[in-house]
A.B. asks: 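Here it is: the structure, laid out below.
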Amino acid sequence: MAAAEGGGVHGCPVLPLANGRSIPVLGLGTSHQGGYSHDAVVHALQKCGIRHIDTAKRYGCESLLQKAIKESGVKREDLWITTKLWHSDYGYENTKKACLESCERLGVEYLGLCRSIGVSNFLISHLEQLKEDCVITPHVNQVEYHPFQRPQELVDYCRSRDIVFEGYCPLAKGEALTHPSIIQLAKKYGRTPAQICIRWSIQNGIVTIPKSTKAERIQENCKVFDFNLREEDMEFLNAMNINRKLIHLTYPLWKG
């Protein structure tokens, strides 16, 4: 995973990385299988103040993002863009080539010359192996994170090594939005279930990247910085964890 810095504008808090750069705590996720909308990305950048975009070579939308970023008028230096390579790109020369190709598709000058390096879906065992094989510690580990899947041991390990934990699928593929307890909390705070989940994730110190292709949903997801969840409600949501993964991976190999 390669990331390039901007962010820290439009009131979105940032988290420091071990290399001295900072990553916005809220981003917009994209994906394949209908997970991209040009109009939604432009709206997120122009109207919602989003300055963190997450994509991947495998999603097939890097070149589409180039068009949306240009249309938005947001300066490159104000954007944090994360893209991810596939495991077939492993190896120094292959990785460098793939990064430069992603850079070209995205229409940006840096990514190929990565300013921050991360990994996706790494468990402690993977990170321990990486420590033995590599000199550089990843700056970010991007993993599934929502009220039903809160891998706290992995979060704690990452923090002990100054690796920022980034959570995708924060709404549990929409399942969290219909959970009675989350709906009850949403009513208590006068918010939506999505805002409760995103706020909970951010308050737990997790860089959070909800995905949406609808402008109104993105607008809703961004309105999470003008309230705080009480400690007892954070503890309640934390206790909902049942180690239920919704994204099933073949690489790297996960337990369960």
Side-chain angles (χ1 to χ4, degrees), residues 1 15 23 25-33 35 54 56 58-59 82 84 86-87 118-131 137-186 188-189 191-212 221 224 228-256:
M1 183 168 71
L15 284 178
I23 182 171
V25 299
L26 181 65
L28 175 65
T30 61
S31 77
H32 46 312
Q33 298 178 337
D54 182 90
R58 183 168 177 258
Y59 301 167
T82 296
K84 298 175 284 293
W86 197 231
H87 56 82
V119 292
S120 294
N121 304 306
F122 272 39
L123 294 171
I124 293 174
S125 59
H126 305 127
L127 293 167
E128 282 290 305
Q129 181 180 343
L130 197 64
K131 184 168 65 172
T137 299
H139 300 110
V140 174
N141 186 18
Q142 188 183 112
V143 177
E144 181 180 340
Y145 189 92
H146 48 76
F148 314 131
Q149 168 67 11
R150 186 176 66 90
Q152 193 59 41
E153 183 181 2
L154 179 58
V155 172
D156 292 340
Y157 174 87
C158 287
R159 287 176 178 162
S160 74
R161 296 192 54 205
D162 290 328
I163 301 170
V164 168
F165 195 98
E166 184 169 350
Y168 65 80
C169 199
L171 308 182
K173 284 191 167 183
E175 290 187 22
L177 306 183
T178 58
H179 193 283
S181 296
I182 295 176
I183 291 174
Q184 185 177 1
L185 279 176
K188 174 181 176 179
Y189 285 90
R191 300 286 171 162
T192 66
Q195 289 169 336
I196 294 296
C197 292
I198 294 168
R199 182 66 215 176
W200 164 79
S201 180
I202 290 173
Q203 266 185 241
N204 272 334
I206 309 299
V207 173
T208 306
I209 45 172
K211 179 186 74 176
S212 181
N221 293 345
V224 292
N228 286 287
L229 296 174
R230 296 176 182 173
E231 184 177 350
E232 61 267 26
D233 293 325
M234 289 293 294
E235 291 175 356
F236 178 81
L237 288 166
N238 287 343
M240 291 180 67
N241 175 49
I242 53 174
N243 297 316
R244 183 171 178 229
K245 281 185 60 59
L246 298 172
I247 307 297
H248 300 289
L249 305 163
T250 57
Y251 195 92
L253 293 176
W254 272 65
K255 297 176 291 184

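All residue numbers in this chain count up from 1 along the given sequence. Reckoned from all heavy atoms, side chains included, excluding hydrogens, waters and symmetry mates.
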A.B. asks: So, taking the atom named CE in M234 and the one named CG in N228, what distance separates them when rounded to the nearest 0.5 Å?
C.D. replies: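 CG of N228 is found 9.0 Å from CE of M234.
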
A.B. asks: Going through the checks in order, is the side-chain hydrogen bond (donor to acceptor under 3.5 Å, both in side chains) test met by Q142 and D54?
C.D. replies: CA-CA 10 Å; Q142 188 183 112; D54 182 90; 2.9 Å; yes

A.B. asks: Between Q203 and L229, is there a donor-acceptor pair closer than 3.5 Å when you use the side chain of the first and the backbone of the second?
C.D. replies: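 Flag set: sc Q203 to bb L229 pair under 3.5 Å.
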
A.B. asks: Less than 4.5 Å apart, side chain to side chain, heavy atoms only: is that true for K131 and R161?
C.D. replies: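 A side-chain contact exists here, since the closest heavy-atom pair is under 4.5 Å.
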
A.B. asks: Find out whether L130 and V119 are in side-chain contact, i.e. whether some heavy atom of one side chain is under 4.5 Å from a heavy atom of the other.
C.D. replies: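 Yes; the side chains approach each other to less than 4.5 Å.
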
A.B. asks: Show me the side-chain donor-acceptor pairs of residues 176-185 shorter than 3.5 Å, one per line, residues at least two apart or across chains.
C.D. replies:
{"residue": "T178", "atom": "OG1", "partner": "E175", "partner atom": "O", "Å": "3.2"}
{"residue": "H179", "atom": "ND1", "partner": "S181", "partner atom": "N", "Å": "3.1"}

A.B. asks: Nearest 0.5 Å, please: how far is CZ in F122 from CD in E128?
C.D. replies: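 Between E128 CD and F122 CZ, I get 12.5 Å after rounding to 0.5 Å.
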
A.B. asks: Write down the atom of E144, the atom of L246, and the distance for their closest heavy-atom approach.
C.D. replies: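 Residues E144 and L246, closest heavy atoms: OE2-N, 2.7 Å.
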
A.B. asks: For F148, does its backbone N or O pair with a side-chain atom of R244 as donor and acceptor, under 3.5 Å?
C.D. replies: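 No, the answer is negative, given that no donor and acceptor are paired below the 3.5 Å cut-off.
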
A.B. asks: Looking only at heavy atoms, which two atoms of A194 and N221 are closest? And how far apart?
C.D. replies: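 Closest heavy-atom pair between A194 and N221: CB-OD1, 3.7 Å.
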
A.B. asks: Looking at side-chain heavy atoms only, is the closest gap between I247 and N121 below 4.5 Å?
C.D. replies: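 With C-beta onward as the side chain, the pair stays apart.
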
A.B. asks: Would you mind reporting whether D162 and T137 have side-chain heavy atoms less than 4.5 Å apart?
C.D. replies: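 No - every pair of side-chain heavy atoms lies 4.5 Å or more apart.
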
A.B. asks: Compare every heavy atom of G167 with every heavy atom of Y145, then report the nearest pair and how far apart it is.
C.D. replies: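 That would be CB-CA, 3.8 Å.
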
A.B. asks: Could you measure the distance from the CD1 atom of I23 to the CD atom of E166? Nearest 0.5 Å is fine.
C.D. replies: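 These two atoms lie 4.5 Å from each other.
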
A.B. asks: Quick one: does I206's side chain get under 4.5 Å of W200's, heavy atoms only?
C.D. replies: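 I206 vs W200: side chains apart.
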
A.B. asks: Can you establish whether the number of heavy atoms outside E232 located under 6.0 Å from its atom CD is more than 12?
C.D. replies: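 Enclosed: over 12 neighbouring heavy atoms sit under 6.0 Å from CD of E232.
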
A.B. asks: Any side-chain heavy-atom pair from L127 and C158 closer than 4.5 angstrom?
C.D. replies: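 They are in contact (side-chain heavy atoms under 4.5 Å apart), so the answer is yes.
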
A.B. asks: Can you tell if the side chain of P210 reaches within under 4.5 Å of the side chain of P170, non-hydrogen atoms only?
C.D. replies: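 Result yes, sub-4.5 Å side-chain heavy-atom pair found.
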
A.B. asks: Any non-hydrogen side-chain atom of Y189 less than 4.5 Å from a side-chain atom of R230?
C.D. replies: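 A side-chain contact exists here, since the closest heavy-atom pair is under 4.5 Å.
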
A.B. asks: Got a second to check how far N241's CG is from H146's NE2, nearest 0.5 Å?
C.D. replies: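 Reported value, rounded in 0.5 Å steps: 9.0 Å.
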
A.B. asks: Work out which heavy atom in I196 is nearest to a heavy atom in A186; give both atom names and the distance.
C.D. replies: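 Distance-wise, the nearest heavy atoms are CG1-CA, 3.7 Å.
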
A.B. asks: Determine the minimum heavy-atom distance between S120 and K84, stating which atoms define it.
C.D. replies: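 Distance-wise, the nearest heavy atoms are OG-CD, 3.2 Å.
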
A.B. asks: Check L123, V155, V164, L154 against N141 for a side-chain contact (heavy atoms from CB on, under 4.5 Å) and give me the one that passes.
C.D. replies: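 The passing option is L154.
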
A.B. asks: Looking only at non-hydrogen atoms, find the nearest pair between K211 and G29 and report the distance.
C.D. replies: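 Looks like CG-O, 3.3 Å.
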
A.B. asks: If I take atom CG from residue N204 and atom CG from residue N238, how far apart are they, to the nearest 0.5 angstrom?
C.D. replies: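 N204 atom CG to N238 atom CG measures 4.5 Å (nearest 0.5 Å).
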
